[in-house]
Protein chains: 2
Amino acid sequence: MLAIGEFSRLTHLSVRTLRRYHDAGLLEPATVDQATGYRYYSPEQIPTAQVVHRLRELDVPLADVRRILRSPDPVTRAGLVADHLQRLESELARTRAAVASLRRLLAPEPSPVEVELRALPATTVAAVEDDVAHADVLAWYSGATAELEAVVDAPSGAPGGLYDNALFEHGRGHVLVHLPTDRPPRVGRVRPVTLPAVELAVATHVGEHGDIDVTYGELGAWVVANALAVAGPVRETYLVGPRDTPDPTAWRTEIGWPVFRVAAG
Amino acid sequence: MLAIGEFSRLTHLSVRTLRRYHDAGLLEPATVDQATGYRYYSPEQIPTAQVVHRLRELDVPLADVRRILRSPDPVTRAGLVADHLQRLESELARTRAAVASLRRLLAPEPSPVEVELRALPATTVAAVEDDVAHADVLAWYSGATAELEAVVDAPSGAPGGLYDNALFEHGRGHVLVHLPTDRPPRVGRVRPVTLPAVELAVATHVGEHGDIDVTYGELGAWVVANALAVAGPVRETYLVGPRDTPDPTAWRTEIGWPVFRVAAG
DNA sequence: GCTGGACCCTCCCCCCGGGGGAGGGTGCAC
DNA sequence: GTGCACCCTCCCCCGGGGGGAGGGTCCAGC
């Protein structure tokens, strides 16, 4: 039996941290003296402590560490660990994108964005829609478009999406992806939806989506400068995307912001 | 002039976050109405907001973001950004090491570690020592050994280190690296130091240092099982290291824990 | 001019995973 | 039996947000 200080020395986890892990139900001492509250660990717990240490180095949340340790089945366990490695991987991709985008932002090129005002009539499209968290948008989007493309046989234009402002302001909001077609079917999640007529301020974003808020910003500045106000969810149209070419510099995304005239300009 | 909600929509930063950035002095509104406290932003601030957004995606602390934004000189600014990318890089290396180590930990191999008790006489060595934070140990170590190796011309053995337990328990502690030699010089930070005689429980760690606490743990379990207690800083000896061969599987590190007998076993 | 609703303000509490330190009880070797 | 290292709980702090209360403000429509 090892007192907490000794166990700390053997595992290179601080006494504080060991106590916290006990409270969190992660690494329960083999014995706790009822009278004094002293925690006593057994040497067999050292490997467990080391696994915890590694998982924490990988920023696995304590709750997930507990889940991993409690799963008796090594296959389940390996699956949970693999999930986290997957998460780290996508985190890394996000970081890479942010680095690239930062470089472009700090590059001295001004990259003027052209904005055009366009009146759009109401259209009926095949659509999938849902309330989605910001972090899940990408995954949701790929699932929804895959379903759309599987169901719509003769699309009459490029796919698009509508994104509620709440998605960016509150991290969660209504999202709709659609594919224009003459006869929108009603299969699985796919439904015919009529998008209302709007006046759009439209700018075209060139390149990766990691930079897209730059174009959003330019579009927004233009909208403000032209005494317009934003009304309703933003509309994106994916003219050229990863489906069409692997070369990101060829990608084209139209961003359309529904606007109305503020006062009498 | 844009109210905070509108600016939020244009930058995809939440209203809350914008207020926080104001408080932190990161992104001050162009105007603040003295009477009402209302924040008003100018469209020119959109690009700044986007740079902040990118930096935060890279987990750059707010204080550093402020520093980057305030540095007028683009060269300084690029340097600060590069520093952070460097930090991300080393973070990535750490993650990779943790992943590899976790895989090995979860591998079904028991990898029995052999432990031996060894009495060591007092020795005088050439040493560099200091109080170091845990996070800085690696950097400090490479600097100190480089200095040692530059100054000691005829080492009589492998380099070693002494690591205070406080380093692991409290994140900061006394560290000493040394090179055994017949005539220890007194140059720069290098000093002759006499290491006291000790009885050591010794185990040899094979492979990368990312796993070294596993061997620490096995050594500790052995020490406990043999009714010994730990006394004083751990001693590592780098028999084969990165200086000798790039192949990590060939590396050999002796870990020696000063021990004394507990009670009459 | 008034009213309603959207917008904005400050302030406090919560999350995570730790660290610092106070104030007090315990184990054990001398 | 005494000193001291060790252990306990409890509270506050950090950074970078989110939730929500309670209250003031802007402005369009009537």
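Letters A, B, ... mirror the listed sequences (proteins, then strands); counts begin at 1.
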From [atom1] of [X] over to [atom2] of [N], roughly how many Å is that when rounded to an integer?
{"X": "A:L62", "N": "C:dC15", "atom1": "CG", "atom2": "P", "value": "14 Å"}
{"X": "B:H134", "N": "C:dG19", "atom1": "NE2", "atom2": "P", "value": "12 Å"}
{"X": "B:L55", "N": "D:dG16", "atom1": "CG", "atom2": "P", "value": "12 Å"}
{"X": "A:D59", "N": "C:dG17", "atom1": "CG", "atom2": "P", "value": "9 Å"}
{"X": "A:R172", "N": "D:dG19", "atom1": "CZ", "atom2": "C1'", "value": "15 Å"}
{"X": "B:L26", "N": "D:dG17", "atom1": "CG", "atom2": "P", "value": "9 Å"}
{"X": "B:L2", "N": "D:dC26", "atom1": "CG", "atom2": "C1'", "value": "16 Å"}
{"X": "B:Q34", "N": "D:dT25", "atom1": "CD", "atom2": "P", "value": "14 Å"}

**OP:** Quick one: label B:A3 by what it contacts on the DNA or RNA (base, sugar-phosphate, nothing), any heavy atom closer than 4.0 Å.
**Re:** sugar-phosphate

Given [options], which nucleotide is nearest the side-chain atoms of [X]?
{"X": "B:R56", "options": "D:dC7, C:dG17, D:dG17", "answer": "D:dG17"}
{"X": "A:R19", "options": "D:dG18, C:dT10, D:dC8", "answer": "D:dC8"}
{"X": "B:T17", "options": "C:dT26, D:dG17, D:dC7", "answer": "D:dG17"}
{"X": "A:Y38", "options": "C:dG18, D:dC8, D:dG17", "answer": "D:dC8"}

[atom1] of [X] to [atom2] of [Y]: how many Å apart, nearest 0.5 Å?
{"X": "A:L117", "Y": "A:W222", "atom1": "CG", "atom2": "CH2", "result": "4.5 Å"}
{"X": "B:L58", "Y": "B:R87", "atom1": "CG", "atom2": "CZ", "result": "11.5 Å"}
{"X": "B:H170", "Y": "A:S8", "atom1": "NE2", "atom2": "OG", "result": "7.5 Å"}

Original post:
How do B:E169 and B:D23 order along DNA chain C: which one's closest nucleotide is nearer the 5' end?
Top reply: B:D23

Subject >> B:E6 vs A:P61, nearer the 5' end of DNA chain C by closest nucleotide >> reply: B:E6

Subject >> B:D211/B:H205 under side-chain hydrogen bond (donor to acceptor under 3.5 Å, both in side chains): CA gap, chis, key distance, verdict >> reply: CA-CA 8 Å; B:D211 291 337; B:H205 174 74; 5.2 Å; no

**OP:** Can you check whether any acceptor in the base of D:dG17 is under 3.5 Å from a donor in the side chain of B:R20, or vice versa?
**Re:** yes

Original post:
Going by the angle between their ring planes, with limits at 30° and 60°, are B:F168 and B:Y163 parallel, tilted or perpendicular?
Top reply: tilted

Below 4.0 Å: OP1/OP2 of [N] and any side-chain N or O of [X]:
{"X": "A:S14", "N": "C:dG18", "result": "no"}
{"X": "B:R39", "N": "C:dC8", "result": "no"}
{"X": "B:R16", "N": "C:dC14", "result": "no"}
{"X": "A:Y40", "N": "D:dC7", "result": "no"}

Original post:
If you pin B:V60 and B:A35 to their nearest nucleotides in DNA chain D, which one's is more 5'?
Top reply: B:V60

Original post:
Per the side chain to side chain donor-acceptor pair (under 3.5 Å) rule, which among B:D164, B:N165, B:D130, B:D131 passes with B:H174?
Top reply: B:D131

